[in-house]
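Below: one structure, written as structure tokens.
Residue numbers start at 1 and run along the sequence shown.
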Amino acid sequence: MPLLTNIRKRSILSLAIILPIGLLYSHYRYSISWLNQEVGGIFYEIFWCLFAFLFFPSRSAITPIPLWVLIITCLLEFMQLWHPPFLNWVRSFWWGKMLIGTAFTWSDFPYYFIGSGLGWLWLRLIVRRTKLKKVIT
């Protein structure tokens with residue numbers, strides 16, 4: 001049980017680091033505006049990798065989590081081409097814009113891949129030097 005606590009503490013600390021960085025970077029005004037949104041995709045991917053790892057803290061989840069985060073994020077990006085009233089209503093809120101986005105952009109995809117790759121590396125660092133072998137609940 002102490003090992004699980006250590007893994008969860010590392011995950012929570014990591015989330016506490018990446019969330020403010022991602023949010024602050026997306027609102028940083030002394031950079032090129034489009035770059036704020038594009039690079040924000042990297043932080044978005046890392047955040048969701050870390051968040052999912054809180055619920056599935058195992059070595060065997062280190063690779064599937066970033067893959068699923070990448071797949072879901074890519075699907076969400078394609079959903080931005082769809083504008084039914086319900087989704088437009090969700091997108092009218094700040095949290096809706098942050099979660100599902102507002103406009104489809106092909107240039108977001110490389111940043112999603114980079115973010116998922118960095119998320120994978122981050123998860124590996126979290127479990128480094130532990131003896132975590134199977135799913136712990």
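Between L13 and R10, the closest side-chain pair of non-hydrogen atoms is not below 4.5 Å. When side chains are defined from C-beta on, W95 counts as touching V90, because their heavy atoms get closer than 4.5 Å. Side-chain contact check for L54 versus L50: every heavy-atom pair is 4.5 Å or farther apart. Looking at heavy atoms from C-beta onward, E45 lies out of side-chain contact with P66 at the 4.5 angstrom threshold. Taking the side chain as every heavy atom from C-beta outward, R91 and H83 approach each other to under 4.5 Å. Annotation: side chain of F53 is in contact with side chain of I62 (closest heavy-atom distance under 4.5 Å). In this structure, M79 and L87 have side chains that are in contact, with non-hydrogen atoms separated by less than 4.5 Å.
Distance check: Y44 OH to D108 CG gives 11.0 Å after rounding to the nearest 0.5 Å. Put simply, CZ on F109 and CZ on F78 are 4.0 Å apart, with the number rounded to the nearest 0.5 Å. S116 OG to L121 CG: the interatomic distance, rounded to the nearest 0.5 Å, is 11.0 Å. Taken from CD in E77 to CG in L75, the straight-line distance is 10.5 Å, to the nearest 0.5 Å. To the nearest 0.5 Å, atoms CD1 (I100) and CG (L76) are separated by 7.5 Å. L19 contributes atom CG, which lies 12.0 Å from atom CD1 of I46 (distance to the nearest 0.5 angstrom).
In terms of hydrophobic clustering, with Ile, Leu, Val, Met, Phe, Trp and Tyr side chains grouped at heavy-atom distances under 4.5 Å, L123 and L15 are assigned to a common cluster. In terms of hydrophobic clustering, with Ile, Leu, Val, Met, Phe, Trp and Tyr side chains grouped at heavy-atom distances under 4.5 Å, I72 and W82 are assigned to a common cluster. Transitive grouping of hydrophobic side chains (ILVMFWY, heavy atoms separated by less than 4.5 Å) keeps L81 and F86 in distinct clusters. Note on I65 and L70: separate hydrophobic clusters, where clusters join Ile, Leu, Val, Met, Phe, Trp and Tyr whose side-chain heavy atoms are under 4.5 Å apart, directly or indirectly. Cluster annotation: L118 and W120 are assigned to the same hydrophobic cluster (Ile/Leu/Val/Met/Phe/Trp/Tyr, side-chain heavy-atom contacts under 4.5 Å, transitive).
Judged purely by distance below 3.5 Å, without hydrogens or angles, the side chains of W122 and S14 pair a donor atom with an acceptor atom. A donor and an acceptor atom, one from each side chain of T105 and S107, are nowhere located under 3.5 Å apart. If you check the side chains of Q80 and T102, you find no donor sitting under 3.5 Å from an acceptor.
Aromatic pair F56/F51: ring centres not closer than 6.0 Å. Ring centers of Y111 and W106: at least 6.0 Å apart, outside the cut-off.
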